[in-house]
Engineer: 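After the structure tokens below, expect a handful of questions from me.
Since the structure is predicted, the reported quantities are computational estimates derived from the model, not experimental observations. Lettering follows sequence order; numbering is per chain, from 1.
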Number of protein chains: 2
Amino acid sequence: MQHGHASDALTKNQALVMGALSEAGGPLSAYTILDRLRDDGLRAPLQVYRALDKLVEFGLVHRLESLNAFVACRHPGCDGHQFTAFMICDDCGSVIEIADNALAGRLKGLAQDADFVLEKSTVELRGLCAGCRPA
Amino acid sequence: MQHGHASDALTKNQALVMGALSEAGGPLSAYTILDRLRDDGLRAPLQVYRALDKLVEFGLVHRLESLNAFVACRHPGCDGHQFTAFMICDDCGSVIEIADNALAGRLKGLAQDADFVLEKSTVELRGLCAGCRPA
DNA sequence: CGTGATTGCGTAATGATATAACGTGTGCGA
DNA sequence: TCGCACACGTTATATCATTACGCAATCACG
């Protein structure tokens, strides 16, 4: 565990939280993560929140604002992490992660038009996924 | 107070909450709204949340997911209420509401490509507004 | 070396956001 | 008049997130 520049070496708690999210394959709340890691020694919410903060910073995890939940990134290491969009199925809860240049470009354009320095975007689409849409 | 089809007649609590948001001119949390309406007879969070639910339904108020707050709509009555985007200044907290057809179109296109039935979108851009950006 | 800065960790307490569950009243239409 | 839909009021509780404190390991650098 060296200088910890990014994701090259996670701490124990970070690795535990990352593991829980990867295994879940979908969004989890911080408290659900905590419950799943009780046997691994985690006891307090703060341990989970601290790990999540770092994982988000490293680009390994996304926060879903409209769900108050966290999900493992499907494209770790790629650019545009901060302009990722999500489709969230209101029926089954599945989350599809989308990296779209046209969308990112439009967001940047809107910001520029408004003389707004864009740091990060939250784009979350709610509806029904292909598997859940009525015939 | 008749059939209450939409915004044509707000109930007392709805009007109080709407008034508080309009007067604020910016985002307020549900609990802040409650505090400001104590003298008007509101006592419990649920009274505020119920009013907010209806106001959002009527298209008079937006929920800002990344802030856990609510803001009066600047374009009440217009279409595309559910595809509105927001720029939120991390410095001064100001919120700019944006209705952009190109953006809405791209979101709808992405949904269509994924066979996703899009009901609502959350688009919130974080950064620094024109007044707060460094020279 | 050694000392100060940084970072992660553990714990307890608290704060902030949101909903569940229950009962009341009122207007309206069958 | 009865039943339904809806808004309301109250209490309690659930859920999400942070503050505050202290300890230990690591690392840069004199």
Engineer: Looking at F83(B), is K108(B) sitting on its ring face, NZ or CZ under 6.0 Å from the six-membered ring centre and within 45 degrees of the normal?
Structural biologist: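 Output yes; distance and angle both within limits.
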Engineer: Parallel, tilted or perpendicular: which describes the rings of H62(B) and H81(B), with under 30° parallel and over 60° perpendicular?
Structural biologist: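 It falls in the parallel class, under 30°.
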Engineer: Is it the case that the side chain of Q14(A) and the backbone of T11(A) share a donor-acceptor pair, with hydrogens and angles ignored and the cut-off at 3.5 Å?
Structural biologist: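 At least one qualifying donor-acceptor pair exists.
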Engineer: Take the protein atom CG of N13(B) and the nucleotide atom C1' of dT10(D), then report the distance between them rounded to whole Å.
Structural biologist: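 Answer to the nearest Å: 13 Å.
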Engineer: Is it true that atom CD of E97(A) has more than 12 heavy atoms of other residues, nucleotides or ligands lying nearer than 6.0 Å?
Structural biologist: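 More than 12 heavy atoms, drawn from other residues, nucleotides or ligands, come within 6.0 Å of this atom.
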Engineer: Check the distance between dT17(C)'s C1' and L34(B)'s CG and give it to me in whole angstrom.
Structural biologist: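 The answer, rounded to whole Å, is 12 Å.
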Engineer: What is the distance, to the nearest angstrom, from the CG atom on L28(B) to the C1' atom on dT17(C)?
Structural biologist: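 Roughly 15 Å, once rounded to whole Å.
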Engineer: I would like to know whether I98(B) and T84(B) meet side chain to side chain contact (heavy atoms under 4.5 Å, CB included); could you show each step before the answer?
Structural biologist: CA-CA 6 Å; I98(B) 299 158; T84(B) 305; 5.8 Å; no
Engineer: OP1 or OP2 of dC8(D) sitting under 4.0 Å from any side-chain N/O of Q47(B)?
Structural biologist: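 Looking at the OP1 and OP2 atoms of dC8(D), neither is under 4.0 Å from any side-chain N or O of Q47(B).
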Engineer: So which protein N/O to nucleotides 12-15 of chain C N/O distances come out below 3.5 Å?
Structural biologist:
none

Engineer: Take atom OH of Y49(A) and atom C1' of dT19(D), then tell me their distance rounded to the nearest Å.
Structural biologist: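 Result: 14 Å.
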Engineer: For R43(B) and T32(A), take the nucleotide of DNA chain D holding the closest heavy atom to each; which residue's nucleotide lies nearer the 5' end?
Structural biologist: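 Residue closer to the 5' terminus by nearest nucleotide: R43(B).
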Engineer: Between atom CG in D53(B) and atom P in dC6(D), what is the gap in whole Å?
Structural biologist: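 Atom CG in D53(B) sits about 14 Å away from atom P in dC6(D).
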Engineer: Evaluate the side chain to side chain contact (heavy atoms under 4.5 Å, CB included) criterion for residues L107(B) and L103(A): first the C-alpha distance (whole Å), next the side-chain angles of each, then the deciding distance (0.1 Å), finally the verdict.
Structural biologist: CA-CA 8 Å; L107(B) 296 179; L103(A) 173 60; 3.8 Å; yes
Engineer: Can you see if the side chain of K12(B) gets near the phosphate of dC8(D) - specifically, an N or O under 4.0 Å from OP1 or OP2?
Structural biologist: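 No, K12(B) has no side-chain N/O under 4.0 Å of OP1/OP2 on dC8(D).
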Engineer: Looking only at side-chain N and O atoms, does S29(B) come under 4.0 Å of OP1 or OP2 in dT17(C)?
Structural biologist: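 For S29(B), the contact criterion (side-chain N or O under 4.0 Å from OP1 or OP2 of dT17(C)) is met.
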Engineer: Can S66(B) and R126(B) be counted as having a side-chain donor-acceptor contact under 3.5 angstrom?
Structural biologist: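 Yes, a side-chain donor-acceptor pair sits under 3.5 Å.
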Engineer: Base, sugar-phosphate, or nothing for R50(A), non-hydrogen atoms under 4.0 angstrom?
Structural biologist: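 Base contact.
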Engineer: Find the distance N68(B):CG to dC16(D):P and express it as a whole number of Å.
Structural biologist: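 My rounded result for the distance is 11 Å.
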Engineer: Atom CG of L42(B) and atom C1' of dA7(D): how far apart are they, to the nearest Å?
Structural biologist: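 Interatomic distance, CG of L42(B) to C1' of dA7(D): 13 Å.
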Engineer: Nearest-Å distance, CZ (F58(B)) to P (dA7(D))?
Structural biologist: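 Interatomic distance, CZ of F58(B) to P of dA7(D): 7 Å.
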